[in-house]
Asks: 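Below is the structure I would like to discuss, written out as structure tokens.
The figures here come from the full heavy-atom set of this structure, side chains too, leaving out hydrogens, waters and symmetry mates.
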Protein chains: 2
Amino acid sequence: MAITRNSFKAELNSKGWRMTPQRETILQVFQTLPRGEHLSAEDLHSRLSEKDAGISLSTIYRTVKMMARMGILRELELAEGHKHYELNTASPHHHHHMVCVQCNQTVEFDNDSVLKQGLKQTEKSGLQLIDCQLTIYTICPEALRMGYPALPDNWMCSRAVAEKHD
Amino acid sequence: MAITRNSFKAELNSKGWRMTPQRETILQVFQTLPRGEHLSAEDLHSRLSEKDAGISLSTIYRTVKMMARMGILRELELAEGHKHYELNTASPHHHHHMVCVQCNQTVEFDNDSVLKQGLKQTEKSGLQLIDCQLTIYTICPEALRMGYPALPDNWMCSRAVAEKHD
DNA sequence: GTGGCTGCAAAATGTTTGCAGGCCT
DNA sequence: AGGCCTGCAAACATTTTGCAGCCAC
């Protein structure tokens, strides 16, 4: 049931498309990504440049969008202004996200009942469910104490500061 | 509990900010928006230009972002590439969205149990819930029949075509 | 009166696209 | 061999920002 290099190639070919080194590399990155992590196009690009395989940004954008449409990747709108991608594992590995609007820290959590609600809803409307994402926007106690949403310019919570020093 | 011009002004002043004609106008638009509708910054801009009150796009962007941070508006990432806003009515008017990835048609639905799950999750982590959105991505039967995701270039489902003729 | 607010224009960001050449099937 | 695919650069869409003047407090 999980995606493999070969099933990916078969699915591509069945649509008249092709397996290429770039597509294989990108699939591998997601296959070896620790559970709970997700990458933006830019993340992928710099990660691949560091190693050997430089893949152009355009190709990355084209590829992740295609893989998302094929149902292989899941497209997430978590941080402001750009999308993240992760392998689209079906239930029972279906999970959701909780993201702090101040520091963008994301925590994933499992909740199968949400997917059930989603399926109920789409069946009722005669539509096919592609994905179902519960995103919870929160703000951390520290930012609240500092007077959010009237925070000083450039203020960051300690978690966000720590993240900058990675 | 619902937002009013006066409670808005009070909240602004408490933070050292000001009530202005632009902010009042934008609040009014959302207050009189039929339930289930949501506007992008561009929507707001053209809607206000048609009438009398021309408000610059920058001010609109600044204002809706501020109002979202204050918890007055809810920021939605439904269609590709731009955000929509709606009044952030608390439970029991809390609702969620189902959007077709082909034609972008959006249907809202109620589901209080989702909000309950969200509250449970944030409490567990000691965070304050700002918003909680279940977004269901679907694809309509018509696009499936046409071979999605390998659709002909520029193909649109009949609902999407109808939408273009508005 | 003062400092926040607006409008304008310019910049920045994230993403898409046209095209010439290359490689998978 | 044909046509899909890539990389590059340029275009694009949306959103953000610097700044001078304005207006709510």
Asks: To the nearest Å, how far apart are B:Asp43 CG and D:dT14 P?
Replies: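 After rounding, the reported distance stands at 10 Å.
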Asks: What's the CG-C1' distance between B:Leu57 and D:dT15, to the nearest Å?
Replies: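 Value for this atom pair: 9 Å.
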Asks: May I have the step-by-step check of side-chain hydrogen bond (donor to acceptor under 3.5 Å, both in side chains) for A:Thr63 and A:Gln22, ending in yes or no?
Replies: CA-CA 9 Å; A:Thr63 305; A:Gln22 291 88 340; over 6 Å; no
Asks: For C:dT16, take OP1 and OP2 only and decide whether either is under 4.0 Å from a side-chain N or O of A:Tyr61.
Replies: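 Looking at the OP1 and OP2 atoms of C:dT16, neither is under 4.0 Å from any side-chain N or O of A:Tyr61.
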Asks: Would you say that B:Met70 contacts B:Trp17 through its side chain, given a criterion of any heavy-atom pair below 4.5 Å between the two side chains?
Replies: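 Side-chain contact under 4.5 Å: yes.
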Asks: Within the 4.5 Å heavy-atom criterion, are B:Arg47 and B:Leu33 side-chain neighbours or not?
Replies: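 Yes - at least one pair of side-chain heavy atoms lies under 4.5 Å apart.
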Asks: Indicate yes or no for a side-chain donor-acceptor contact from A:Arg23 to the backbone of A:Arg18 under 3.5 Å, with no hydrogens or angles considered.
Replies: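 Answer holds: yes.
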Asks: Quick check: closest heavy atoms across A:Asn111 and A:Ser113, and the distance to 0.1 Å?
Replies: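 In this case the closest contact between A:Asn111 and A:Ser113 is OD1-OG, 2.8 Å.
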Asks: By the definition side-chain contact (heavy atoms from CB on, under 4.5 Å), identify the one residue from B:Asp110, B:Leu134, B:Ile136 that meets it with B:His96.
Replies: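 It is B:Leu134, the one option of B:Asp110, B:Leu134, B:Ile136 that forms the side-chain contact (heavy atoms from CB on, under 4.5 Å) with B:His96.
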Asks: Whole-Å distance between D:dA13 C1' and B:Ile60 CD1?
Replies: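 It works out to 16 Å between those atoms.
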Asks: Send over the distance from A:His45 NE2 to C:dG14 P, rounded to a whole Å.
Replies: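 Computing the A:His45:NE2 to C:dG14:P distance gives 14 Å.
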Asks: Under 3.5 Å, which N/O atoms of the protein pair with N/O atoms of nucleotides 4-6 of chain C?
Replies:
{"unit_1": "C:dC5", "atom_1": "OP1", "unit_2": "B:Arg18", "atom_2": "N", "d": "3.1"}
{"unit_1": "C:dC5", "atom_1": "OP1", "unit_2": "B:Arg23", "atom_2": "NH1", "d": "2.7"}
{"unit_1": "C:dC5", "atom_1": "OP1", "unit_2": "B:Arg23", "atom_2": "NH2", "d": "3.2"}
{"unit_1": "C:dT6", "atom_1": "OP1", "unit_2": "B:Thr20", "atom_2": "OG1", "d": "3.0"}
{"unit_1": "C:dT6", "atom_1": "O3'", "unit_2": "B:Gln22", "atom_2": "NE2", "d": "2.8"}

Asks: Between C1' on D:dT15 and CG on B:Leu44, what's the gap in Å once rounded to a whole number?
Replies: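 Those two atoms, CG and C1', are 14 Å apart.
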Asks: Side-chain N or O of A:Lys65 versus OP1/OP2 of C:dT16: is the shortest distance under 4.0 Å?
Replies: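 Yes, A:Lys65 has a side-chain N/O under 4.0 Å of OP1/OP2 on C:dT16.
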Asks: Side chain to side chain donor-acceptor pair (under 3.5 Å) with B:Glu86: which of B:Arg35, B:His95, B:His38?
Replies: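 Result: among B:Arg35, B:His95, B:His38, B:His95 is the only option passing the side chain to side chain donor-acceptor pair (under 3.5 Å) with B:Glu86.
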Asks: Within this structure, what is the NZ-to-P distance between A:Lys15 and C:dT25, rounded to whole angstrom?
Replies: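 Rounding to the nearest Å, NZ of A:Lys15 and P of C:dT25 are 15 Å apart.
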Asks: Rounded to the Å, how far apart are A:Lys9 NZ and D:dC4 P?
Replies: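 Nearest whole value for this atom pair: 16 Å.
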Asks: Write down the distance between CG (B:Leu39) and P (D:dT15), rounded to a whole number of angstrom.
Replies: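 Rounded to whole Å, this separation is 13 Å.
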Asks: For B:Pro21 and for B:Glu42, locate the closest nucleotide of DNA chain D by heavy-atom distance; then report the residue assigned to the nucleotide nearer the 5' terminus.
Replies: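 This one resolves to B:Glu42.
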